[in-house]
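First comes the structure, then the notes that go with it.
Note that the numbering runs from 1 along the sequence shown for the chain. These numbers come from the heavy atoms of this one structure, side chains and all, not from hydrogens, waters or symmetry mates.
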Amino acid sequence: MNNSNTEKVINEEVEIVLLTNFVQTKDFISILFISDEELPVYVKNVLNGQYVDIIDNKLVSVFIQSCDNNFCELICNGIKEVIVRDAWLCMGIASLLYFIQCNCTGPEIDKDIEWLKTQETNALKELSLHDECNINVRKPELLYFSKLIFSNEILQNTYKSCIWWLFRTNLLHQYILDESSGVIFDETEQLINKINDLSLLENPYCKALFSIEAAQFYLYYRRIQNSEKYIELAQDTAKLSLSLEGALGKRTKYQQENKAQLFLKIGLEKNQFPSRHCENLPKSLNLNDDVRLERIEFSEDIESTQLGAVEEAIILVKHIQLQLSQPKDKLTDEEVKPYLNAVVDNTRNWSLKIASLYHRCSLESTDKRTIERSMMQMEYLIHELKNTKVPNSIRVDMFFASGLKPVWILEQTWAHLMLHLGLVKGALDVFLNIKLWEEVITCYNLLELKHKAAEIIRQEISKKETVHLWCLLGDATQDPSHYETAWKLSNEKSSRAQRHWGLFYFAKNNYEEAKPHLKLSVELNNIQENVWIRLGFAALQTEDWKLAATAYKRYCALEQSTFEAWNNLAKAYIKLGDKPKAWKSLQDAIKCNYDRWQVWDNLMVVSIDLGHFSEVIRCYHRILDLKNHHLDVQVLDILTRAIINNIKDSDGNPAQKLLPKALELFGRISSFVRNNLHVWRMYGQLTALKKTDIGDEIAVQYLQLAHRVAVSSSKWFQQEDTIEDVLQICCLLAETYLRCASQCEVKKKRSLLASAKLSLQGVVKKVKDQDWITEKISTDLHKVEEYLNDVVNELDKIK
């Protein structure tokens with residue numbers, strides 16, 4: 001078999017033309033050293049949107065219909081024929097783009113490709129990945145056909161762009177599934193790594209385009225960090241800089257004074273990438289609000305930068321990334337709007353216009369002044385997909401970079417907007433039309449027609465049994481036997497059936513019963529964040545620490561911004577005795593929520609156990625920042641002893657290096673804790689470590705305060721623990737008095753020793769008067785008496 005590139009017409013330049021969907025922009029074609037006339041007919045047909053003409057190829061259809069072999073084998077055998085290999089690549093592309101037309105961009109065409117239609121059932125089975133495809137998907141055989149073509153190794157070895165097309169096909173495959181698929185995610189990540197090594201990406205346009213598409217892929221799965229990497233790469237390639245800045249302006253009709261408003265400052269260090277314009281773009285509907293202006297009116301003209309579709313796609317994907325990575329609140333909305341407005345107001349690309357208006361609808365759905373425009377805009381977009389004015393070839397420009405979803409997602413959003421506005425019956429009609437049964441049940445409940453929910457599901461089951469319907473019937477009737485039916489219907493391979501089954505028990509707090517079902521669900525599909533976190537919680541509640549650690553670890557790998565999950569993961573590690581991992585988990589927890597003092601407290605406790613003494617001090621300061629008052633004597637005592645004994649910390653550094661920071665912390669604590677003998681004792685001990693005249697004098701003062709607090713209770717000498725505390729302080733006080741007295745002049749020395757004698761004599765007398773003294777107290781008392789004798793002797797010397 002000769003697979004050399006010399007036997008194919010489609011070369012790398014033509015592959016780039018197909019990837020970028022360019023044929024009418026002469027400037028771009030000239031860059032690639034290729035003319036319109038040089039393009040093969042089937043390539044021109046792809047670029048002109050004549051997909052059916054390519055797929056319904058008589059040669060291929062006759063070849064397939066005349067063979068009884070497996071469909072996949074037939075395609076493999078066909079691709080082996082070098083003469084028609086170019087046609088196979090174009091058929092795969094045309095099939096994928098025709099599928100996009102039928103499900104995403106419109107206008108919808110009812111015409112089926114007869115020889116391919118026979119594969120519809122097989123396609124749904126293969127694409128479902130043991131769960132189910134969305135019931136609204138049209139012509140799944142087109143996606144299946146293109147995936148088989150692009151997955152062929154011979155074609156991948158012949159055409160460098162083949163794996164890029166497979167990457168795109170996988171993204172569409174995920175779009176039509178009701179569940180996020182771990183199988184598709186892992187396979188597509190491998191494809192991304194391969195595409196990054198392609199020579200195609202030496203072309204800056206291709207490099208920027210693929211970076212945007214990769215970012216869109218990761219954002220679908222909420223992998224924020226991965227998406228950031230590719231967004232930055234796209235910006236660097238496009239030489240595009242984006243920054244939010246402020247300028248004076250007005251946003252309401254009755255506003256008298258200009259206020260600071262955010263706008264997006266765009267910098268472009270080179271000419272924009274080439275792009276073509278759509279003549280009949282969808283319109284942005286006016287807000288028509290009594291108060292708010294259509295757009296911010298700035299007091300000065302904001303400099304505008306001319307952008308192409310690639311640069312606009314980068315801004316749109318940056319908007320999506322910012323929205324997903326930040327908390328959902330009004331401040332976030334204000335920060336991301338300028339990115340979205342830059343695309344909505346300026347783009348001349350059909351896919352980017354639809355996608356940006358869709359995102360604006362989602363953004364405006366929570367504001368009472370904009371939700372009505374949001375609903376009307378979404379309805380308009382859905383009707384616009386049926387409009388035949390814009391050719392297919394223009395609609396698919398930048399489609400993969402735009403992140404545009406299937407039409408039923410737009411319809412679902414539209415129905416939810418109606419539901420928010422109280423238009424329950426209108427929303428119900430849409431939900432029924434797209435067979436979104438969970439929302440149908442919600443609508444019937446709002447209309448106080450709960451009996452209709454189970455009734456309509458049973459009607460649908462009578463037409464055609466599906467795993468999804470049996471699970472919903474179980475939810476509606478609270479009968480777990482229906483989950484078992486769904487499980488058996490899937491040949492015991494459906495993660496959905498096990499998820500519904502497990503969540504049924506979880507909702508009833510029956511965590512032991514929930515665990516095996518939730519665990520099996522994530523084994524079948526490991527990319528279910530909501531199942532992993534519930535499995536972790538169920539394991540925590542049943543003290544299954546190993547399972548809890550596994551579940552929370554997997555959840556945190558998928559969703560890295562939930563501090564409760566990191567905190568619970570740390571708890572599981574602590575219970576397992578793995579404190580180093582617990583410490584790292586808590587470090588991640590505080591990154592997610594810097595203002596939760598309980599997480600800082602947990603981190604502080606684990607840090608003290610592991611010898612991260614500097615981190616202990618940092619944690620304590622942060623806790624005080626958050627709640628003003630906090631006292632943990634045990635942590636402070638361990639920290640004090642570590643510094644006094646100069647223990648090495650986790651990094652091998654002597655703890656006494658932290659003395660200045662520890663004194664600063666105690667100074668802050670003592671400002672609000674005035675009557676705790678332990679705080680003053682430890683503060684005095686640490687101050688004495690400075691070993692200076694002033695330090696000793698201050699240490700004496702702190703220990704005097706500790707002594708005063710210790711003996712302030714009239715019953716301190718009646719309890720063993722308080723007697724031991726007082727005797728310990730007396731020893732420290734006497735030792736510090738003697739050291740301080742040895743370094744000062746006689747008059748001051750006499751005063752210090754006299755004060756020490758008075759303090760010690762009172763304590764010794766009170767303790768000796770007790771007739772229940774234990775051996776431990778007796779030993780400590782003997783030490784105090786020895787210190788008292790030393791004080792008396794020193795006094796006698798200076799009389």
Would you say the side-chain atoms of K584 and Q587 include a donor-acceptor pair closer than 3.5 Å? no
From Y702 OH over to L686 CG, what is the distance, rounded to the nearest 0.5 angstrom? 11.0 Å
Surrounding CD of Q478 (heavy atoms of other residues, nucleotides or ligands, distance under 6.0 Å), is the total greater than 12? yes
Show every salt bridge (Lys or Arg N to Asp or Glu O under 4.0 Å) that has at least one partner inside residues 631-654, sequence neighbours left out. D637-R641, D637-R681
Give a yes or no on whether a salt bridge exists between D595 and K627, defined as a side-chain N under 4.0 angstrom from a carboxylate O. no
Side-chain donor-acceptor pair under 3.5 Å between S585 and Y552, yes or no? no
Is a donor from one side chain sitting under 3.5 angstrom from an acceptor on the other, for K661 and S614? no
Any donor-acceptor N or O pair under 3.5 Å, side chains W583, S607: yes
Kindly compute the distance separating CZ (F537) from CG (L518), expressed to the nearest 0.5 Å. 12.5 Å
Could you check whether N509 and Y511, counting side-chain N and O atoms only, form a donor-acceptor pair closer than 3.5 Å? yes
What is the minimum heavy-atom distance between D696 and A688, and which atoms define it? OD1-O, 3.9 Å
CH2 of W501 to CD of E484: how many Å apart, nearest 0.5 Å? 4.5 Å
Is the distance from the ring center of F217 to that of F185 below 6.0 Å? yes
Assess R496 against Y483: is NZ or CZ under 6.0 Å from the centre of the six-membered ring, and within 45 degrees of the ring's axis? no
Answer yes when K337 and D333 have at least one side-chain N-carboxylate O distance shorter than 4.0 Å, and no when they do not. no
Can you confirm whether the side chains of E228 and Y218 place a donor and an acceptor under 3.5 Å from each other? no
Donor + acceptor pair across side chains of Q498, E523 (<3.5 Å): no
Measure across V599 and A589 and return the closest heavy-atom pair with its distance rounded to 0.1 Å. CG1-CB, 3.6 Å
Say you draw a straight line from CG of N530 to OG of S180; how long is it, rounded to the nearest 0.5 Å? 9.0 Å
Side chains of D479 and S481 only: does a donor on one sit below 3.5 Å from an acceptor on the other? yes
Ring centres under 6.0 Å, that's the criterion: do Y620 and W600 meet it? no
Are R223 and E559 within salt-bridge range, i.e. N to O under 4.0 Å? no
Starting at CG of N567, measure out to CG of N593 and round the result to the nearest 0.5 Å. 10.0 Å
Determine the minimum heavy-atom distance between L219 and Q321, stating which atoms define it. CD2-CA, 3.7 Å
Could you verify whether a donor N or O on one side chain and an acceptor N or O on the other, from S521 and Q528, lie under 3.5 Å apart? yes
About how many Å separate NE2 of H678 and CD of Q728, when rounded to the nearest 0.5 Å? 8.5 Å
With Q704, which of T736, L733, I729 fulfils side-chain contact (heavy atoms from CB on, under 4.5 Å)? L733
pair C740-L738: side-chain heavy atoms closer than 4.5 Å: no
